[in-house]
Amino acid sequence: MDFASRIVELRKSHRLTQKELANKANLSEIGIRNYEGRRRLPSCESLVNLSKYFKVSTDYLLGLSDNPQVAR
C-alpha cells in the first residue's frame, strides 16, 4: 500500500473530511488533497505531523511497513 492509500484509509477510519484532517494535523486542505491524489509527497515535517496525529510510524505511512506501531 502506498502513502496516498494509507492517508485515505486512516482519514476515513477516523471519519474525517480532508479539511478536518488538515486542521487537526496543522496542514493545508490542498496539501491533503494532493497527497491523496498522488500529486505530491509530504515534506518531512508534514509526514511527522500526520504520523503524530494518527499515532502510526512514518514507515507505515510511507508503505515501508505493514506495522502501524511506532518503535519505542
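Computation of the quantities below employed the complete heavy-atom set of this structure, encompassing side-chain atoms and omitting hydrogens, waters and symmetry-equivalent molecules.
L41 is connected to L21 through a chain of hydrophobic side-chain contacts under 4.5 Å among Ile, Leu, Val, Met, Phe, Trp and Tyr, so both are in one cluster. Residues I7 and L62 share a single hydrophobic cluster, defined by chaining ILVMFWY side chains whose heavy atoms lie under 4.5 Å apart. No continuous path of hydrophobic side-chain contacts links V8 to V56 [ILVMFWY only; heavy atoms under 4.5 Å].
With sequence neighbours excluded, the residues that form a side chain to side chain donor-acceptor pair (under 3.5 Å) with R38 are D2, S5. Legend: residues meeting side chain to side chain contact (heavy atoms under 4.5 Å, CB included) with N49, ordered by chain and number and at least two apart, are N26, L27, E45. Under the rule for a side chain to side chain donor-acceptor pair (under 3.5 Å), the partners of E36 that lie at least two apart in sequence or sit in another chain are R11, Q18. Residues satisfying the side chain to side chain donor-acceptor pair (under 3.5 Å) criterion with D59, sequence neighbours excluded, are absent altogether. Judged as a salt bridge (Lys or Arg N to Asp or Glu O under 4.0 Å), and not counting sequence neighbours, the contacts of R33 are E29.
Counting heavy atoms from C-beta outward, T58 and L50 have side chains that stay 4.5 Å or more apart.
Note that the NZ atom of K55 and the CG atom of L10 stand 12.0 Å from one another [nearest 0.5 Å]. Rounding to the nearest 0.5 angstrom, the gap separating the CZ atom in R39 from the CG atom in N34 is 5.0 Å. Between the OG atom of S65 and the CE atom of M1 there is a distance of 12.5 Å, given to the nearest 0.5 Å.
Under the ring pair (Phe, Tyr, Trp, His ring centres under 6.0 Å) criterion, the residue pairs touching residues 31-69 are F3-Y35, H14-F54, with sequence neighbours excluded.
The number of heavy-atom neighbours closer than 6.0 Å to CG of L64, taken from other residues, nucleotides and ligands shown, is above 12.
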Start with the C-alpha gap between E20 and R15, add the side-chain angles, then the distance that decides, and say whether side-chain contact (heavy atoms from CB on, under 4.5 Å) holds.
-> CA-CA 9 Å; E20 290 169 332; R15 296 183 176 165; over 6 Å; no
